[in-house]
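Written out below as structure tokens is the structure these notes cover.
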Amino acid sequence: MANTACFIIVSRNDIPIYEAEVGSAPKKEEAAHKHQFILHAALDIVQDLAWTTSAMFLKAVDRFNDLVVSVYVTAGHTRLMLLHDSRNEDGIKSFFQEVHELYVKILLNPLYLPGSRITSSHFDTKVRALARKYL
Amino acid sequence: MEPDVSMETGSMIRIAVLPVGGAIPHRQLREYAAMLGRQTRIDLSSISSFYKEHQKSPFAHQPWETGCLRFKYMLGGAPPSPWEDFQSCRKILAVVGLCHCPSSPDLDLVADQFAAACKGYSSALAKRCFAFCPTDSQLEDDGKKRENIILFPPSDRQTQEFHMLTMVQDLAATLLMEFEKWVLRAESTGTILKTPLDSQSSLGSEEVIKAKKRRLGRAQKTIGDYCLLAGSPVDANAHYSTAIELARLTGDVFWHAGALEGSVCALLLDRMDQKDPVLEEEVKYRYYTVIQLYRRSYLQDNAQRVSTVSFELEAALKLARYLCRRELAKEVVELLMGAADGAKSLIDASDRLILYVEIARLFGTLGYQRKAAFFSRQVAQLYLQQDNACAAISAMQVLTMTSNAYHVQSRRANSKPHTSPHELGPSHGDGGKLHPQSVVSLFESQWSTLQMVVLREILMSSVRAGDPLAAWSAAARLLRSFYPLITPAGQSGLASSLAKSAERLPPGTRCADPALPFIRLHSFSLHPSQTDIIKRNPLKKEWWTGSAPSGPFIYTPFSKGGTTNTNKQEMTWIVGEPVQVLVELANPCSFDLIVESIYLSVHSGNFDAFPVSVSLPPNTAKVILLSGIPTKVGPVSIPGCIVHCFGVITEHLFKDVDNLLLGAAQGLVLSDPFRCCGSGKLKNVSIPNISVVPPLPLLVSHAVGGDGATVLYEGEIRDIWISLTNAGTVPVEQAHIALSGKNQDSVVSIAHDTLLSALPLKPGGEVTLPVTLKAWQLSMVDSEIDSSKSSGSTRRISKEGSSPVLVVHYAGPWTHSDQSNNTENSVPPGRRLVVPLNVCVLQGLRFVKARLLSMEIPARITDALPKQLYGDKNPAEVVSRDDSMVKIDPYRGSWELRLLELELSNPTDVVFEVNVSVQLDNRKNEHGMPILNHENADFGYPKTRIDRDYSARVLIPLEHFKLPILDGSFFAKDSRASDAFCSKVSNMAERSAKAELNASINNLISKIKVRWHSGRNSSGELNIKDATQPALQASVMDILLPDPLTFGFRLAKNGATAQINGFPEESIISGDPPSQCVNGSAVKCKGSISAHEMTHMEVLVRNNTKEMIQMSLCVACRDVAGENCTEGNNATVLWAGVLNDIRLEVPPLEEVEHAFSLYFLVPGEYTLQAASVINDATDVLRARARTDSPDEPIFCRGSPFHVHVVGTA
């Protein structure tokens, strides 16, 4: 499992709808802020990069110091973004694919307004389990 | 590292700009610096006049026609760089002093100061001091010709700029000549050029040899730099090429890179205007080489002391800047990310700062705002690490720039002004019906965690920088947007920092960012004086009609299309009349919020708002009333409220809160501030279109004697006085009163005339109108409910809102004299005043039931005749003095008496007195004679007192209602009805008969008035109509219709006129002759009838119909036991004359006498009774007898008469 990892889902309106610190490093609020700042900044690059490829998994798109941002863009332009320090690209790809499936299930919920915050605790548990498995 | 580097930097001549002499006012300094700063590019062609070629110029290929020199002004100068030798452009090559003469009168002193200042710049080749605004004396003094001080005579701006241009051109020429000198000297002598990179400590022989080898190459590179500065790229290129060759040969990597960099600069300068891809490729290729070379020149051993990393990064930044275009974004991002990675290896913190600044700028240029913001924040953090106010100010400014990218920008920075009323419309235009997706888009890019961090940093830096307004604004934004994420302690901390910042602000400071409380529009208080403005229809006399939908349908398909989409309601305010708006405030935080003042914010400038102050405890919401007065005619828009809270004045827009609530409803925002304060969900209130109209009259009503509800018992009649006052400034010229609401029929009369006569009602005028009310009956529904609640003592009170309402439509003059500019169609509107007649109806006397009693009282002849009863000839007076409840005259025959018994109960706690009166029309009595002077014959009966919680019965005799004649008129329809009876076919006829019957009953009942009094001034009438109807239903015919025949007996003693009069149905007011007879008989009868004596009697038969009646009459005499005493074996009465089967023919409305004699054998009580069988009865008679068979004989029986026979047996 990666030492540092911050997973975030950004809606097509650029609102973070799900955030999770999935790293094994002890959690610090300062670090969490920093991670979000990096992820937020990476959106600019994702925005351009997403249209240059047909693949959903954009691999590592951005980095800051030793932290790398990997992004997976769904068809609805929801972005699954992971900030990590490990280089396990295959694991990250599988992680994104499985989270995407979970996200689609959330979308299928008629009571969920697309673009609003994901509050399902089940989703959270599953995502964390996937993070332990793949990262 | 240096900020703002680009590939062209190598060609720029650095000039230090220093203020000298006395302190220069900021404005002037700025102005002078700006004037100088504009002269950055000096064409070679323009300086040729100042240029003197002393010897052959080393710049052989100088482009005198197209070339130029580039100046870069360093305001305040710059410290010398250790890398000056490596890149000549880093040298300060000239010094310009700026002097403001008025503040430094002694020019000699200025010259000394300037000379001293120039000492710091050993590399400077030219020095000038520009002195502005010299005084006359200084101008005269100028004759001394001080070196380097140039006076700018005071003149207009254009002239001064021209002057400045000339001076700068002169400076440029001087510099060019100095460059030539330097190059010539360098070529001839050769200089030792060193960088910090070259080890200074150990000058071993090997090192010296190496240095010697390299010297030539370095010299060539430096000459190339000077060529560039002199604006001759071709020359520069030649020198650089040599230098590159030499550096490669000597392995001088660092200088190789420098020369290569210079060559690129020369290349770009040479091909200034063209940007073809080939060139770009070339530049890119060379620069990547440069970066590689710089990286190679990195020496591990002296990495602690000097590092070439900064050159590498600078080169990367230069390339990035050159490439910085959207199409090449990917490449630029790679370069910048590489540069950012290099930050770690930078030793100097300020280098890192510059690096981040440049990266942020380049990302910004690229359009990557979030990236730029990220690096700006890094810059700010570096600034904040330096512990001084200037750095804090810089940090604050940098952070403020990032606030846009993080969507936490201050509203002041928002470019679009919120004042425009049209901007406010759209969100309300759709009536709050936003599509969920567009709701989501309202909250785009809300990264709350980041926003909070950024705002907190802005707050911290601005506190440190000593900018209270920025601190206040940041704290306000933080508190308002993120209060749910902040702990109570944090909230209080923010509140105190708000207060602290406000202390340092001057009072009355405005801030664009609202803090707390949250304010939403609750409603527009619909004061009646505002709502009831009615458009006047000038064409109609009743101008108020047609303004409101008159029909029962709210929607009519015939209305004009334009009016259908008016989902924004209109509202009219009136100049000078206060208006009120309800707003709801919420304080979702955990501290007490004191709003020093809050008032409506109106941008249209025609409204005076009144401030109020509010205190909001933690976690509460409050609805408050804000008022104001419109001052001018025109539209009014209310976008929000101005709030003075935490020491700063802010404007709170309703729209923002509406959006927030919308987001909260969709779960997009953290929390709904109103719901967490316990306030309910409110419908989205749309701001109506408000227009202000000129003053109108204003009527104010109050009830005379207090506005409280008038307490009335059911049926009570009372006058209420309503006073109308014109409180406006315009006279009332038209007024009209109408009724509306429930129980309208309880208003008996309104004094319309009083109102009309008072018009026009001047401002301040008053008119008082009486309104007569009759309290209505409480509905049965009420009673049932209440009686079930508390049986027995039920007190019912009328429901609220059941009172009738007076509607006064009034208006001022048709046109306003002062509003001459108005178009003709703008008639000032009228108004409506609704005056509720506050009536509280209490349950009064309660009607329990009504019964019809019928009894037969036979006439009785005794000695004890009350003569006074007949003492008066005038029966009317008899009546008026008659105190007896029931007018029975038992001596005048016998009646079939019918009494209406009303049972009344008094459930109230006051005493009622009931007074029954029967109102008789001016009609004829049974005899067809007019009632004597009884135009309004009200028969008074004694008052009945009903104590509280008691019941009483009131008897109403019904004998007065007999019709005088039995004729077909009554049965006009009855004849048909009787047919209907026979056939039982026509339901319609039956129904009409019933209706007829009911009408007659109603007619009867309406004549009976039951009035009551209670206390001193309560009086009213009991409504018995409904109650008595069922009681009378069955027997109304018997009550109303007289018998066809009436019988009477009288004594005919000795042929005199003594008689026993007997017209049972005849009232006491029968005709004169009978009353005379009565009089006589009374005297005679005193003697009574004796046994054993022949008694002469007459029976009178009266025909009450209009037709001749043929009949056979029988007279029967019975004793007390009811035995017939004239027949049989033991008859006790002997008789003479005919008693049976007397054939009589009675003409219409006349009477016939038949005489006979009786001889009583035994004294005692006897009863005489006449009966007859009518032959050939008409339909009328049959109907009266209620028979349907034409063969059945009609039998008519008279009332019994008592005969008291005295004597001894």
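Bear in mind the structure is a predicted one, so any value in this text is a computation, not a measurement.
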For this session: Report yes if some heavy atom in the side chain of A:Val127 is under 4.5 Å from a heavy atom in the side chain of A:Phe7; otherwise report no.
Result: yes
For this session: May I ask you to name which of B:Glu334, B:Lys330, B:Arg377, B:Met337 has the most heavy-atom pairs under 4.5 Å with chain A?
Result: B:Arg377
Exercise. Looking only at atom types and distance, does a side-chain atom of B:Glu331 sit under 3.5 Å from a main-chain N or O of B:Leu323, one as donor and one as acceptor?
Worked result: no
Exercise. Can A:Glu98 and A:Lys126 be said to form a salt bridge (Lys or Arg N to Asp or Glu O under 4.0 Å), step by step?
Worked result: CA-CA 10 Å; A:Glu98 302 233 356; A:Lys126 281 285 190 74; over 6 Å; no
For this session: Let me know if B:Ala329 has heavy atoms under 4.5 Å from chain A in its side chain, its backbone, both or neither.
Result: side chain
Problem set entry | Flag, side chain of B:Trp447 to backbone of B:Met452, donor-acceptor distance under 3.5 Å | no
Exercise. Would you call A:Asp124 and A:Tyr18 a side-chain contact if the rule is heavy atoms closer than 4.5 Å?
Worked result: yes
Exercise. Which residues pass the side chain to side chain donor-acceptor pair (under 3.5 Å) test with B:Tyr383, sequence neighbours left out?
Worked result: none
Exercise. With a 4.5 angstrom heavy-atom cut-off, which part of B:Phe363 approaches chain A: side chain, backbone, both or neither?
Worked result: neither
Exercise. Which members of residues 47-60 of chain A, sorted by number, sit under 4.5 angstrom from chain B on a heavy-atom basis?
Worked result: A:Gln47, A:Asp48, A:Leu49
Problem set entry | Identified side chain to side chain contact (heavy atoms under 4.5 Å, CB included) counterpart of A:Val61 within the set A:Val46, A:Leu43, A:Asp44 | A:Val46
For this session: Return yes if some donor-acceptor pair links the side-chain N/O of B:Arg370 with the main-chain N/O of A:Leu39 below 3.5 Å, else return no.
Result: no
Exercise. Given that the side chain runs from C-beta out, which part of A:Ile17 has a heavy atom under 4.5 Å from chain B: side chain, backbone, both or neither?
Worked result: neither
For this session: With A:His35 as reference, evaluate A:Glu21, A:Glu19, A:His84 under the side chain to side chain donor-acceptor pair (under 3.5 Å) test and give the passing residue.
Result: A:Glu21
Problem set entry | Toward chain B, the part of A:Asp62 with a non-hydrogen atom under 4.5 Å | both
For this session: Let me know if B:Gln378 has heavy atoms under 4.5 Å from chain A in its side chain, its backbone, both or neither.
Result: side chain
